[in-house]
Amino acid sequence: MTRIAYFGPRGTFTEQAARSLAEGELVPYDSIGLAIAAVRKGETDAACVPVENSVEGPVTATLDGLAEDEPLVAVAEALLPIHFSVLARPNVDAADVRTVASHPHALAQVQRWLAQNLPSARHVAAASTAAAAIAVRDGEYDAAVVAPVAVEHYPLRTIATEVADIPDARTRFLLLRRPGELPAPTGSDRTSVVAATVNRTGALSELLTELAFRGINLTRLDARPSKGGFGEYRFFIDFEGHVAEPRIGDALAALRRRCHLRFLGSHPRADGVRPSIQPAAGNEDFVSAADWVESVRKGDTA
Ligand SMILES: O=C(O)C(=O)C[C@]1(C(=O)O)C=C[C@@H](O)C=C1
């Protein structure tokens with residue numbers, strides 16, 4: 001049976017995403033790094049991890065995990081609406097809450113709610129929302145900000161539901177595999193790369209210009225230190241399209257000439273958005289231009 005590592009323990013948002021993305025045995029790991037390492041080592045066939053949140057931005061453990069060690073590719077993605085529940089032990093009321101724990105991304109998404117509803121509670125970072133629920137169960141903290149499903153896994157009481165400062169917040173999750181056959185293009189796809197440029201004037205702008213020249217729309221751009229010293233960065237670039245398309249293949253080849261490039265996959269977009277194709281930048285334009293060059297090489301200049 002297919003085994004899918006996910007950022008656990010049981011009851012995280014990532015577990016829900018993993019269930020929506022793949023069938024098989026779901027195997028929880030206590031950190032994003034461990035889930036990614038599991039698929040890399042072949043302990044599991046795939047790994048499900050969060051990659052970005054519409055309020056709090058990139059999940060840096062996932063970005064660093066994708067840039068380092070053996071390459072992995074994203075083969076699918078899921079978008080989950082994020083609203084939280086607050087859980088406490090059965091004998092603890094909201095008025096008794098002195099400490100509230102959760103994943104830092106979750107705490108960042110409920111700052112206003114906590115200030116208004118649990119103003120005297122100290123905020124404590126936990127490894128995940130479900131790890132916070134376990135710590136509350138074990139008496140370490142008074143309340144946890146969690147995915148609503150967590151209450152099904154831990155003997156805690158819900159003291160608030162639908163908690164979110166930004167009502168339509170979403171997190172995007174990736175299903176990662178070891179490199180192999182890529183998902184087929186659907187017309188609504190996303191391609192991801194990580195680019196390491198040399199530290200000189202215009203290096204990033206040249207990469208982005210290669211994409212802009214080809215009418216390719218970015219969907220995300222994040223910088224992470226390459227850990228080699230100040231000023232040394234890796235750029236995570238997501239854009240519309242699939243590597244199987246001529247225009248995307250042409251763009252990847254151009255990027256590859258200019259920097260150290262790692263391909264992180266082409267997969268269907270969860271939101272179904274189709275790319276807007278700019279004039280003279282459609283796949284057929286790339287194909288007919290390449291055909292023309294070929295005929296010129298053969299002596300036909302018509
Ligand atoms: O802790 C969890 O439940 C997770 O799945 C992680 C995570 C994240 O990394 O952003 C996922 C979704 C929410 O935005 C909060 C936490």
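In listed order, ligands and their atoms are each counted from 1. Excluded from the calculations below are hydrogen atoms, water molecules and symmetry mates; all remaining heavy atoms, backbone and side chain alike, are included.
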Neighbour count above 12 (heavy atom, 6.0 Å) for Arg256 CZ: no
What is the closest protein heavy atom to atom 12 (C) of ligand 1, and at what distance does it sit? Thr171 OG1, 3.5 Å
Atom 6 (C) of ligand 1: of Tyr6, Phe13, Phe7, Phe173, the nearest heavy atom sits on Phe7
Check ligand 1 against Asn53 and write out every atom of the ligand that is under 4.0 Å from a heavy-atom position of the residue. 14 (O)
If you have a sec, work out which protein heavy atom is nearest atom 1 (O) of ligand 1 and how many Å separate them, to one decimal? Thr129 N, 2.8 Å
Counting only heavy atoms not in Arg137 (residues, nucleotides, ligands), do more than 12 fall under 6.0 Å from its CZ? yes
Applying the side-chain contact (heavy atoms from CB on, under 4.5 Å) test to Ile82, which of Asn53, Val55, Val110, Ile166 qualifies? Asn53
Could you go through the side-chain contact (heavy atoms from CB on, under 4.5 Å) check for Val39 and Arg178 one step at a time? CA-CA 7 Å; Val39 63; Arg178 295 180 294 282; 3.8 Å; yes
Consider every N or O of His105 and every N or O of ligand 1, then say whether any pair is closer than 3.5 Å. yes
Does ligand 1 have an atom that lies less than 4.0 angstrom from a heavy atom of Gln109? yes
Please evaluate residues Arg234 and Asp222 with respect to the criterion salt bridge (Lys or Arg N to Asp or Glu O under 4.0 Å), reporting the C-alpha separation (whole Å), side-chain torsions for both, the decisive distance (0.1 Å), and the verdict. CA-CA 8 Å; Arg234 299 175 179 131; Asp222 283 313; over 6 Å; no
Atoms of ligand 1 less than 4.0 Å from Ser128 heavy atoms? 1 (O)
Would one find an N or O of Thr12, backbone or side chain, under 3.5 Å from an N or O of ligand 1? no
Among protein heavy atoms, which lies nearest atom 4 (C) of ligand 1, and at what distance? Thr14 OG1, 3.5 Å
Thr191 side chain vs Phe239 backbone, donor-acceptor pair below 3.5 Å: no
What distance separates His242 NE2 from Arg269 CZ, expressed to the nearest 0.5 Å? 13.5 Å
Atom 16 (C) of ligand 1 - nearest protein heavy atom and its distance: His103 ND1, 3.9 Å
